[in-house]
Amino acid sequence: DSGVTQTPKHLITATGQRVTLRCSPRSGDLSVYWYQQSLDQGLQFLIQYYNGEERAKGNILERFSAQQFPDLHSELNLSSLELGDSALYFCASAGPGRSGANVLTFGAGSRLTVL
Amino acid sequence: QQQVKQSPQSLIVQKGGISIINCAYENTAFDYFPWYQQFPGKGPALLIAIRPDVSEKKEGRFTISFNKSAKQFSLHIMDSQPGDSATYFCAASSSPGTASKLTFGTGTRLQVTL
């Protein structure tokens, strides 16, 4: 157990629908990152929050949005879902590592299937 | 665009052999280069990382070699074991402190055979 909790583990929905993925970061970590992993693709950075504020944005579609709440958990909202949104969505939290840089700790992911 | 190019896409190595995965980057501002290991059904986990002030870092059977002038770095797994079979991602970041957004390579699926 990495300490980063993601729910749900699996989600099957239809095109056009909206889903919410939830992430609880590791205790003490203030940063939350969202990544998308499609079949045979690497990890695509979507968005980062630090202590409730958006810090960096990557290749996140306008149909997607996220937020980090005062208790530091984060939610990723995916709307008007398309077949191509089917992927693994990972949340990672970050805290200081031995190297001085933040070390990302990933959750087990939420597998989204859009039919 | 900040990119990290990773090769090969897949790799089959016999038990006891050396596995080598290569990555190249473009952004000279990158200053932190971790490798992540991902087993099926799990999230990626940090394996080993290096900063550009050293050319090599070794942790057990895992070694990162770093060539700053060529903008390349590689992961070497010595005495590869079946338990090392996983997908490996190289990554890089340029932001210190709290904003270390990682840019990942596309991953290498390693299979270690008996």
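Since we're looking at a predicted model, the values are computed, not measured. Residue numbers begin at 1 in each chain, while the letters A, B, ... track the order of the sequences.
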Shared ILVMFWY cluster between B:I12 and B:V112, side chains joined below 4.5 angstrom? no

A:F90, A:Y35, A:F106 screened by ring-ring contact (aromatic ring centres under 6.0 Å, His included) with B:Y36, the one that passes: A:F106

Check whether B:P44 gets within reach of chain A through its side chain, its backbone, both or neither, counting any heavy atom under 4.5 Å. both

Is there a path of hydrophobic side-chain contacts, each under 4.5 Å between heavy atoms of I, L, V, M, F, W or Y residues, that connects A:V114 with A:V19? yes

Are there more than 12 heavy atoms of other residues, nucleotides or ligands under 6.0 Å from atom CD of A:E54? yes

Membership question, hydrophobic clusters at under 4.5 Å side-chain separation (ILVMFWY): are B:V4 and B:L75 in the same one? yes

Could you tell me which portion of A:Q37 (side chain, backbone, both or neither) has an atom closer than 4.5 angstrom to a non-hydrogen atom of chain B? side chain

Between B:Q6 and chain A, which part of the residue has a heavy atom less than 4.5 Å away: side chain, backbone, both or neither? neither

Is A:L72 reachable from A:I47 through a run of hydrophobic residues whose side-chain heavy atoms are each under 4.5 Å from the next? no

Quick one: CG on B:L102 to CG on A:L43, what's the gap to the nearest 0.5 Å? 9.5 Å

